[in-house]
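To keep things clear, I will list the structure first and then write my remarks on it.
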Amino acid sequence: MVLRLRLLLGSLLGGSLLLAMLCLGAQNLDQRERLNLGFGQTAPLPSGFLVGLALAVGVISGGSSVALLLPGRRDDRA
């Protein structure tokens, strides 16, 4: 249980730090693209921000799925 919590918190912290660095670094990009979400479009965002956002979401979702799918020990189960 402790290992799962450490993996989950580590992935959330790592993704948050990536997102913070991304927001600081994406201030002066000129090329702006819109995302088509199926029900609407986003505001024009820098393409580097979109790629970095996808990377941060991937780190968070990957770490969360590993933490949730990690097999538990026998003495952890009730």
Side-chain angles (χ1 to χ4, degrees):
M1 184 69 178
V2 176
L3 179 61
R4 287 183 187 193
L5 186 61
R6 286 178 52 199
L7 283 171
L8 186 62
L9 289 176
S11 67
L12 288 174
L13 182 65
S16 299
L17 286 174
L18 279 172
L19 193 60
M21 288 188 299
L22 173 68
C23 289
L24 291 175
Q27 296 296 322
N28 57 356
L29 298 174
D30 293 334
Q31 296 176 348
R32 298 186 180 268
E33 303 291 332
R34 289 182 182 255
L35 282 182
N36 186 4
L37 300 174
F39 54 85
Q41 290 184 340
T42 63
L45 297 170
S47 58
F49 182 78
L50 296 175
V51 170
L53 185 62
L55 180 69
V57 169
V59 166
I60 292 172
S61 65
S64 300
S65 64
V66 166
L68 293 175
L69 295 175
L70 188 70
R73 297 185 318 200
R74 291 187 182 260
D75 54 339
D76 283 348
R77 296 181 186 158

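Just so it is clear, the model here is predicted, and its values are computed rather than measured.
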Is a side-chain N or O of Arg34 found less than 3.5 angstrom from the main chain of Thr42, in a donor-acceptor match? yes
Suppose we screen for side-chain contact (heavy atoms from CB on, under 4.5 Å). Which residues come up paired with Leu68, at least two apart in sequence or across chains? none
Kindly list each side-chain donor-acceptor pair under 3.5 angstrom involving residues 8-24, sequence neighbours excluded, with atom names and distances?
| unit_1 | atom_1 | unit_2 | atom_2 | d |
| --- | --- | --- | --- | --- |
| Ser11 | OG | Leu7 | O | 3.3 |
| Ser11 | OG | Leu8 | O | 2.9 |
| Ser16 | OG | Leu12 | O | 2.8 |

Among all residues two or more places apart in sequence or in another chain, which pass the side-chain contact (heavy atoms from CB on, under 4.5 Å) test with Arg6? Val2
Using distance only, find each side-chain donor-acceptor pair of residues 58-65 under 3.5 Å and give its atom names and separation, not counting sequence neighbours.
| unit_1 | atom_1 | unit_2 | atom_2 | d |
| --- | --- | --- | --- | --- |
| Ser61 | OG | Val57 | O | 3.0 |
| Ser61 | OG | Gly58 | O | 3.3 |
| Ser64 | OG | Ile60 | O | 2.8 |
| Ser65 | OG | Ser61 | O | 3.2 |
| Ser65 | OG | Gly62 | O | 2.9 |

